[in-house]
Each structure stands twice: as structure tokens, then as C-alpha cells.
Amino acid sequence: NAGVMQNPRHLVRRRGQEARLRCSPMKGHSHVYWYRQLPEEGLKFMVYLQKENIIDESGMPKERFSAEFPKEGPSILRIQQVVRGDSAAYFCASSPPAVRPGELFFGEGSRLTVL
Amino acid sequence: SQQGEEDPQALSIQEGENATMNCSYKTSINNLQWYRQNSGRGLVHLILIRSNEREKHSGRLRVTLDTSKKSSSLLITASRAADTASYFCATDERTGGFKTIFGAGTRLFVKA
């Protein structure tokens, strides 16, 4: 049973370009979470999605950031017109269907560097 | 919002010693979890303790939860160099649905 798969593992973008980060949850998991981590810091919640539905996006910046989890295919975190401050590690986690979150299964992260 | 706050921020011990990390949180919770992160890697779940539990063990790990003080501790006994990692506590927070919020972490360094 493959774990949570994130790609790309490393992404370099110039200011103003777009970054797309993909996350395939574990088999049978219908909930996906995106977190952002700066060096030597904890994880900051960004967004919580179920298939075709955004449950909580309170941690998402109001502009340039969007996330989706379509019926088919991976979840996508999209950052438009990237700036240097977007450089960070972005982690995806998944969990099985549940009323309240329990154990989260994490991918290895996508490290975005904005030049 | 930052739900869990770990203490200390960093801890350096000798192999064989015990390591204790603390976590405080702000709102009522359903459960509290501890995760481990090796440098450059994703987080790995260690243990989950429910709000009606006071203590839980898993191998060399012992977790306590005091809901009256809104605090938890993680004890790693007989530490090994391989335990060197960052440790995070995480709690669930209700805003519409539920989301898991992580603290800033404790960086543990175990010297061989």
C-alpha cells in the first residue's frame, strides 16, 4: 500500500511564475490536508479538502493560492505569481473518512524555491 | 492559529538519557497527537491520546495528558542517537469541519 505521494519533491521557480504541487493520498483516504513549513519552524495549516469539496481553507492566503481535490486524480496546490516569501516546504497529509481527524499520514513534502 | 506550543524549543542529551518534551494548548480537544520529523522528511505519527485518557505507552514512548492544565508531555526513555529529530504535538481544532494544528516543535539532539 503506497503512502502519500507528493511531486515534485523539489521545484524552482522565478518570481512571477506559477507553482503546482501535487499530492496523491493513500488508497482509501478521502481527506487531504496541506501544510506549509518554513526552515526550523512548525507546520502551518493551509487547507483541508475532501473529494470535490473544500472543508476549511482558513489558512490559505487570500490571493494567489488555491487548492483542489477533484473526483479523479491528485490534489493540487497552486501558487500563482510566486514571490520569494513563498519559498518553503509544502506537506500534504491524508486521512481516512472520519468525523474528527485522527492520525495523519504525511508525504515527504515538496520544497519550493523562488529565485 | 497556533494551538499547541512545545517546550523546550531545543533539547540536547546523551545517549541513554531520558528526554521529556512538553506541549500546551489553548482550547478543548478531542485528542492530542505526537509526531516526529527527521530532517528534510515528512512527519511520522507516533502516538494519539484521547481526551478521556491520562497516560499512554508505546515502546519507549510515554505520553501523558492533563486536560485541566491543557498540557501534554512526551517522554522518550533510554534515548538513542537515532531519536535525533523534531517532535511536534498536534491537536484538533473545530472551525466548520475539523483540522489538525501543529505546534512549533522541540528539536531533540541525542549525542552518541
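Proteins come first, then strands; the chains are lettered A, B, ... in the order of their sequence lines, and each starts at number 1. All heavy atoms count here, side chains included; hydrogens, waters and symmetry mates do not.
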If we only count heavy atoms from C-beta on, is the A:Y35 to B:T100 side-chain gap below 4.5 Å? yes

Tell me whether the count of non-hydrogen atoms from other residues, nucleotides or ligands lying under 6.0 Å of CZ in B:R60 goes above 12. yes

Could you check whether atom CE of A:M60 has more than 12 heavy atoms from other residues, nucleotides or ligands sitting under 6.0 Å from it? yes

Can you establish whether the number of heavy atoms outside B:E17 located under 6.0 Å from its atom CD is more than 12? yes

Establish whether B:W34 and B:L61 are linked, either directly or via other cluster members, by ILVMFWY side-chain heavy-atom contacts under 4.5 Å. yes

Rounded to the nearest 0.5 Å, what's the gap from NZ on A:K44 to CZ on B:F102? Could you check? 12.0 Å

Is chain A contacted by the side chain of B:R107, its backbone, both, or neither, given a heavy-atom distance below 4.5 Å? side chain

Gap separating the NE2 atom of B:H45 from the CZ atom of A:F106, nearest 0.5 angstrom: 10.0 Å

With no hydrogens and no angle check, is any side-chain donor or acceptor of A:R111 less than 3.5 Å from a backbone partner on B:G40? yes

Rounded at 0.5 Å granularity, tell me how far CZ in A:F45 sits from NZ in B:K99. 5.0 Å

If hydrophobic clusters are built from ILVMFWY residues whose side chains come within less than 4.5 Å, do A:L49 and A:F105 share one? no

Is B:L43 linked to A:Y33 within one hydrophobic cluster, defined over Ile, Leu, Val, Met, Phe, Trp and Tyr using a side-chain heavy-atom separation of less than 4.5 Å? yes

Are B:F88 and A:M46 connected, step by step, through hydrophobic side chains (Ile, Leu, Val, Met, Phe, Trp, Tyr) whose heavy atoms are closer than 4.5 Å? no

Before we go on, tell me: are the rings of A:F91 and B:Y35 under 6.0 Å apart, centre to centre? no

More than 12 foreign heavy atoms under 6.0 Å from CZ of B:R50: is that the case here? no

I want to check something: taking the side chain as every heavy atom from C-beta on, are A:E40 and B:S86 in contact at a cut-off of under 4.5 Å? no

Where on A:E108 is there a heavy atom nearer than 4.5 Å to chain B: the side chain, the backbone, both, or neither? both

Looking at B:R54, I'd like to know if its CZ atom is crowded, meaning that more than 12 non-hydrogen atoms belonging to other residues, nucleotides or ligands lie closer than 6.0 Å. yes

Verify the neighbour count for atom CD of A:Q81: are there more than 12 heavy atoms of other residues, nucleotides or ligands below 6.0 Å? no

Check for a donor-acceptor pair, side chain of B:Q33 on one end and backbone N or O of A:G102 on the other, with a separation under 3.5 Å. yes

Among residues 63-72 of chain A, which ones touch chain B with a heavy-atom distance under 4.5 Å? none

Linked, directly or transitively: A:W34 and A:L43 (ILVMFWY side chains, under 4.5 Å): no

Proximity breakdown for B:Q37 and chain A, heavy-atom pairs closer than 4.5 Å: side chain

